> 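Have a look at this one.
Note that the structure is predicted; figures quoted are calculated from it, not measured. Protein chains get the first letters and strands the later ones, always in sequence-line order, with residue 1 at the start of each.
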Amino acid sequence: MTRFAQTLGLPLVLFLLLAAAPLWADTFTLSLLARAMIFALAAISLDLILGGAGLVSFGHAALMGIGAYGVGILMAEGVSEALIAFPVAMAAAGLFALATGALSLKTRGVYFIMITLAFGQMAFFVAQSLSAYGGDDGLSLAARSLVAGERWLRGPLAFHYTVLGLLAAGALLCGALLAAPFGRVLRAAKDNERRVRALGLDPYPYRLVAYGIAGALAGLSGALFANLTEFVSPAFLSWHRSGELIVMVVAGGMAAAALKAGGLGRPGSALLGALLVVLLEEALSDLTEHWRIVFGPLLVLLVLAGGKRARGGRT
Amino acid sequence: MRCGVQSCRAGLAALAIAVSAGVAAADPVKVGLVATLSGPSAVLGQHMRDGFLLAVKEMGGTLGGQPAEVVVVDDELKPDVAVQKVKGLIERDKVDFVAGVVFSNVMGAVVKPVTGAETFLISGNAGPSTIAGAGCSPFFFSASYQNDQNHEVLGQYAQAKGYKKVVLMAPNYQAGKDALAGFKRYYKGEVADEIYTQLGQLDFSAELAKVAAAKPDAFFTFMPGGMGVNLVKQYRQAGLAETVPFLSAFTVDETTLPATGEAALGFYSGAAWAPDLDVPANKAFVAAFEKEYGYIPALYAAQGYDAAKLIASAVKATGGKLTDKDAVRAALKKADFASVRGNFKFNTNQFPIQDFYLVKVGKRPDGKVETMIAEKVFAEDGDAYADKCPMK
Amino acid sequence: MTAPLLQVRGLCKAYGALIVTDAVDLDVAHGEIHALIGPNGAGKTTFIALVAGEVAPDRGRILLGGADVTRHAVHRRAQAGLARSFQVTSVLPAFSAVENVALAVQAAARRSFRLLPAPGSDRVRRAHAVELLAQVGLAAKADVPAGVLSHGEKRALELAMALAGKPRLLLLDEPMAGAGPEEGRAMVELISAARAQCGILLVEHDMEAVFKLADRVSVLVAGRLLASGPPDAVRADPAVQAAYLGEAAT
Amino acid sequence: MSTTLVLVQVLNGLQLGILLFLVAAGLTLVFGVMDVINLAHGVQYMLGAYLMVTASAVTGSFWLGLPLALAAALVLGLVLEWLVIRPLYGRDHLEQVLATFGVILFVNEGVKLVWGAGPRAIPMPEALSGSIRLMDGLNYPVYRLALVAAGLAVAGLLYVLVTRTRAGMLVRAGASNAPMVSALGVDIGALFAKVFAFGAMLAAFAGAMAGPILSVEPGMGDGLLILAFVVIVIGGIGSIRGAFVAALLVGLIDTLGRSFLTDLLKLVLSASAATQAGPALASMTVYLLMAGILIFRPRGLFPAPA
């Protein structure tokens with residue numbers, strides 16, 4: 001039973017709740033949930049490398065932003081078809097991740113954090129200088145993307161289930177990757193890189209591929225995000241957003257570990273983190289304009305109370 | 001319905017209004033007020049919010065005779081957060097009007113979700129060219145100005161003054177570029193240098209050294225918020241204030257003067273309003289504002305105040321029947337209220353036609369520093385984009 | 001006769017002025033246990049690191065099965081059939097014992113770049129891993145996180161991981177260190193049994209075990225090879241006795 | 001571009017570098033010695049400025065206010081160490097990031113409640129408010145020169161502290177081997193608390209000194225924190241010397257890039273392309289520098305001994 005709870009219990013409960021949401025939620029709550037789910041997809045992709053491979057990327061928002069700009073720029077150029085734009089967005093973010101990852105992965109620890117920040121910042125400044133596409137003001141989408149020529153994504157229900165479906169697919173993919181031989185190498189290299197090398201495995205290509213896949217998934221979440229807000233902005237690529245994603249992943253890992261239902265490197269925990277952070281922010285900011293004065297100490301308490309249990313997550 | 005919208009979501013100021021209202025009989029008018037209330041630019045949103053809420057309070061917690069509910073939300077200066085918040089305002093709180101928005105990039109993000117839902121959007125500040133021109137909407141009204149206009153004031157002034165050589169400086173983003181373009185629309189002399197700085201830059205010593213080296217007749221800048229505070233102080237410290245006139249827009253105003261203090265004395269700005277503007281409605285407004293909040297209002301406060309009065313005028317004219325969108329729009333277009341700016345009417349693109357002034361930082365008799373009207377530069381000025389708006 | 005499994009020729013390594021490996025020549029043949037002994041600080045662990053590829057030599061060559069691997073990275077040498085245990089045990093502490101071995105099994109099978117799970121072949125490899133654990137007497141601990149195993153159990157686990165790759169050459173860095181008498185005896189048996197599959201380069205302080213197991217013994221003192229030969233000859237060598245065994249024996 | 005202009009920009013770059021060094025020094029010490037990633041270091045810089053706003057207003061003097069503000073910052077540093085940082089020693093870096101991020105949110109909002117949302121100012125001391133003529137037609141503010149001098153003095157003091165005193169010896173030893181130091185019978189907890197509070201005070205000093213030229217506003221530490229991290233990573237974590245060199249490097253490159261990059265680009269690109277690309281590139285120079293250095297030296301310029 002615990003084993004079941006650890007692997008499948010938490011995500012199953014969360015997905016069932018999300019799938020049932022249209023039964024009780026109004027359209028605003030649905031769009032709030034869509035936002036949470038889109039961040040969850042980005043958080044799950046970040047957790048693949050952060051929790052799975054121990055690589056803390058501080059430039060993940062840039063990958064999400066590249067995906068968003070992919071959709072925005074294509075639409076500005078007259079391509080509204082999601083079946084074209086979404087794969088392009090994923091490819092662009094994935095290739096950016098591969099190119100920058102190839103260099104970043106030569107470093108470790110905090111150096112890796114900072115070099116990914118550097119590449120993220122470069123992407124941010126490039127987005128800011130794209131004056132043909134709104135520069136700093138950002139770019140409005142004419143409408144949501146078409147799917148096979150249909151206006152499918154424009155209905156709140158259809159959008160909800162589309163996002164939910166892609167989120168589930170992303171979570172399944174990341175879960176499968178981490179459970180597969182490939183993921184075993186990633187997790188092992190996080191645990192004890194020297195041992196892994198002595199077994200004849202060079203972690204570099206595994207990490208690079210994982211980074212690329214995480215980039216593509218982040219790009220997908222960015223593409224969805226552009227559709228949700230019908231707007232793309234350089235602010236999507238800012239380091240603040242990267243920090244928020246890290247907070248979601250780590251807080252989710254710690255919260256899930258405290259519930260004995262997961263930890264870092266488990267898609268269900270990242271999903272929990274994103275839902276918690278987005279919904280808590282919304283709830284607290286409804287209460288008071290100064291909600292951060294409550295939210296900040298909550299994070300501190302989570303860490304202090306969570307203790308070392310979070311490390312007992314999937315490794 | 002959730003626990004009293006005002007108390008939960010609008011913070012203390014709105015709570016006070018709800019209590020003082022006391023008229024619960026009629027259907028309340030719901031307004032969502034979007035303002036930047038966190039981060040370094042929070043003070044701009046604070047001025048706008050306080051101005052808006054002051055107007056509602058003065059009208060006894062009503063707008064146009066109906067009890068008012070004002071839901072204040074913080075856009076955090078993040079466009080996607082703003083979109084999320086206005087969706088909440090429209091879909092959950094079912095507001096009749098959305099008002100406010102300080103920054104143009106936030107406006108760019110929210111204008112579609114609001115006007116697309118056929119909800120009236122009353123800008124309390126941001127006036128990007130797209131919405132003034134081809135992207136104008138029957139549901140969008142500006143209670144402020146079009147972004148370029150304040151810059152044009154300085155361009156016109158520099159031209160009229162006969163300056164031969166100027167240096168221009170702005171942050172490297174769209175509003176910064178628009179600012180310099182606006183200045184150059186009227187200024188025809190030599191531009192010795194156009195400096196673009198990083199957004200959020202702290203230190204301008206490098207740029208100011210270049211300004212000093214160029215020895216221009218005047219310096220024009222658009223440097224909002226904390227950046228402007230730094231620039232003003234550093235401009236003074238670099239010894240440039242005595243030699244090169246400092247022309248600016250959105251750089252020295254009542255949000256930054258408390259921090260710059262006397263360093264900004266004698267600096268110029270362009271605006272449609274200043275606290276000492278000699279209009280009866282304005283005298284009353286400034287006095288009440290200072291009494292209520294203990295600080296001098298900036299133009300954001302004045303615009304927020306006018307936005308509330310504008311909404312009130314439309315509610316009153318339609319007798320509170322806000323479902324009749326055409327009637328509301330017609331009423332709004334009349335701009336039948338006493339603006340703190342005196343002359344105020346709407347152009348075809350639903351942006352104001354108003355007077356613009358050169359204002360200069362001076363000291364009041366009580367020793368406080370504020371912007372003061374120096375001369376009128378444009379009379380009854382409409383913006384440059386109205387022609388491109390298909391609305392008639 | 002075919003070339004020895006491992007040939008080390010003129011290997012030199014210095015850290016600044018400190019010479020830790022000084023022109024060392026050494027061979028290991030298939031099926032042979034070659035023990036490397038010497039006092040603390042003689043440079044044994046550096047030598048192992050040089051052979052394994054974690055440290056790059058200043059001069060000299062290392063040949064594995066006749067192929068020059070001097071410039072090859074750790075993982076390439078491992079792929080070429082070199083497996084090892086560490087002086088301080090090195091396992092994957094958060095992985096269960098069987099997962100540790102399963103990683104070694106998949107590495108040996110060159111099946112690691114499989115992005116998605118394939119239940120069938122994964123089950124086969126897990127069974128193989130359980131089998132290897134049973135070989136080293138850890139069958140009962142298969143699902144215990146490696147981090148909480150006893151020291152001796154970790155040693156055994158390392159050996160199982162090393163054997164999973166069907167290595168040609170096994171580098172064992174002090175496998176008896178810290179083991180109790182019971183565990184030590186079991187380890188001697190395990191190493192002895194492994195000899196059938198590969199050549200072994202054994203660094204060890206436990207002289208009883210060394211002379212029980214080794215076919216050949218080399219003595220390293222201050223980075224130099226002092227003597228090399230059959231155990232009895234080395235034991236009898238007066239230079240060795242003076243430099244090393246003399247003090248150890250007393 | 002004239003040589004005098006270049007000279008002034010070099011001075012400006014130095015001054016930014018000095019400011020960065022003051023913030024980065026504490027950050028790199030806390031990271032190097034106690035292995036704690038303290039994101040809250042930026043808000044300590046901000047708190048220094050805000051405390052100085054109050055202290056200089058209360059005392060009516062810059063010179064009386066400064067020691068008061070520094071003392072208050074020291075106390076707040078000790079409190080923060082005791083409340084939040086101490087339980088984080090030896091914990092995972094990510095947990096430290098999460099907890100200290102929470103501190104950032106709290107303090108940024110807190111200063112808004114205490115000091116208001118608008119920018120605040122610290123009056124410049126009379127004695128330093130002028131500008132002096134460095135060269136023909138170019139004046140340079142005295143205060144900025146004083147800031148550079150003060151920063152260099154602190155750097156010198158730090159150098160002496162770290163290399164010549166017992167506490168400094170322990171700090172250096174602690175950076176490479178904390179268990180060894182505690183095995184020597186040193187109360188490592190007390191040492192850590194002192195180092196942390198001292199680092200907080202250095203950051204506060206930077207904030208207080210920056211106050212008269214920069215606006216004091218909520219969130220003012222966030223951007224600087226990122227730059228400080230860039231500095232310590234370029235310098236090599238735990239290395240004061242590395243932080244000093246890297247801070248000056250970052251200050252100079254950032255300032256010179258902003259000043260001259262667009263003009264330089266005009267030599268090879270069209271004017272419009274140069275004004276388009278120049279500022280974007282100038283914003284990136286620091287990050288390009290860091291990425292470049294890390295690709296070739298993955299542990300910074302002065303890596304701590306492994």
> Of all the heavy-atom pairs spanning A/Ile246 and A/Ser57, show the shortest one and how long it is.
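Distance-wise, the nearest heavy atoms are CD1-O, 3.5 Å.
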
> I'd like to check C/Ser90 versus A/Asn192 (side-chain heavy atoms, cut-off strictly below 4.5 Å). Are they in contact?
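C/Ser90 vs A/Asn192: side chains touch.
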
> Drop me the distance from C/Leu202's CG to C/Glu32's CD, to the nearest 0.5 angstrom.
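It comes to 11.5 Å.
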
> Are there residues of residues 47-80 of chain C whose heavy atoms fall under 4.5 Å of chain A's heavy atoms? If so, which?
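So far as heavy atoms go, C/Glu54, C/Val74, C/His75, C/Ala78, C/Gln79 are the residues that approach chain A to under 4.5 Å.
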
> I need the contact set between residues 195-212 of chain A and chain C: heavy-atom distance under 4.5 Å, sorted by residue number.
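So the qualifying residues are A/Arg195, A/Val196, A/Arg197, A/Ala198, A/Leu199, A/Gly200, A/Leu201, A/Asp202, A/Pro205, A/Tyr206, A/Val209.
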
> Heavy atom to heavy atom, less than 4.5 Å: which residues from residues 108-117 of chain C reach chain A?
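Expected list: C/Arg111, C/Ser112, C/Phe113, C/Arg114, C/Leu115, C/Leu116, C/Pro117.
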
> Can you name the nearest heavy-atom pair linking C/Leu103 to A/Ala188, along with the distance?
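That would be CD2-CB, 3.4 Å.
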
> Is it true that atom CZ of C/Arg126 has more than 12 heavy atoms of other residues, nucleotides or ligands lying nearer than 6.0 Å?
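Open.
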
> Side chains of A/His60 and A/Ser45: any donor to acceptor distance under 3.5 Å?
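The criterion, which ignores hydrogens and geometry beyond distance, is satisfied for A/His60 and A/Ser45.
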
> With ring centroids as reference points, do A/Phe58 and A/Phe112 lie under 6.0 angstrom apart?
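For A/Phe58 and A/Phe112, the ring centres are not under 6.0 Å apart.
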
> Take a 6.0 Å sphere around NZ of C/Lys13 and say whether it holds more than 12 heavy atoms from other residues, nucleotides or ligands.
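Yes - once you tally the heavy atoms of other residues, nucleotides and ligands closer than 6.0 Å, there are more than 12.
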
> On a heavy-atom basis, which atom in A/Thr116 and which in A/Val56 lie closest, and how many Å separate them?
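Here A/Thr116 and A/Val56 meet closest at OG1-O, 4.0 Å.
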
> Please round to the nearest 0.5 Å and tell me the distance separating atom CG of C/Leu163 and atom SG of C/Cys198.
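Answer rounded to 0.5 Å: 6.5 Å.
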
> When rounded to the nearest 0.5 angstrom, what distance separates CG in A/Leu220 from CG in A/Leu63?
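These two atoms lie 12.5 Å from each other.
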
> Roughly how far, to the nearest 0.5 Å, is NE2 of C/His30 from CG of C/Leu5?
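It is 7.5 Å, given to the nearest 0.5 Å.
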
> What part of C/Leu82 gets within 4.5 angstrom of chain A, counting heavy atoms only: side chain, backbone, both, or neither?
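Only the backbone of C/Leu82 comes within 4.5 Å of chain A.
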
> Ion pair present between A/Glu193 and A/Arg108, side-chain N to carboxylate O less than 4.0 angstrom?
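Counted as a salt bridge, because a side-chain N and a carboxylate O are separated by less than 4.0 Å.
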
> If only atom types and distance count, is the side chain of A/Asp191 paired as donor or acceptor with the main-chain N or O of C/Ala94 below 3.5 Å?
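A pair under 3.5 Å: yes.
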
> Got a second to check how far C/Leu171's CG is from C/Leu169's CG, nearest 0.5 Å?
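So the CG of C/Leu171 and the CG of C/Leu169 are separated by 5.0 Å.
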
> Heavy-atom distances under 4.5 Å only: say whether C/Ala102 touches chain A with side chain, backbone, both or neither.
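Both backbone and side chain.
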
> Determine which residues belonging to residues 146-160 of chain C lie within contact range of chain A, meaning some heavy atom pair is under 4.5 Å apart, and list them by number or answer 'none'.
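Near chain A, by residue number: C/Glu158.
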
> Quick one: does A/Asp47's side chain have a donor or acceptor within less than 3.5 Å of a partner on A/Ala270's backbone?
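Looks like no, no N/O pair under 3.5 Å.
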
> Would you check if C/Leu26 and C/His34 make a side-chain contact, meaning some heavy-atom pair closer than 4.5 Å?
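C/Leu26 reaches C/His34 side chain to side chain.
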
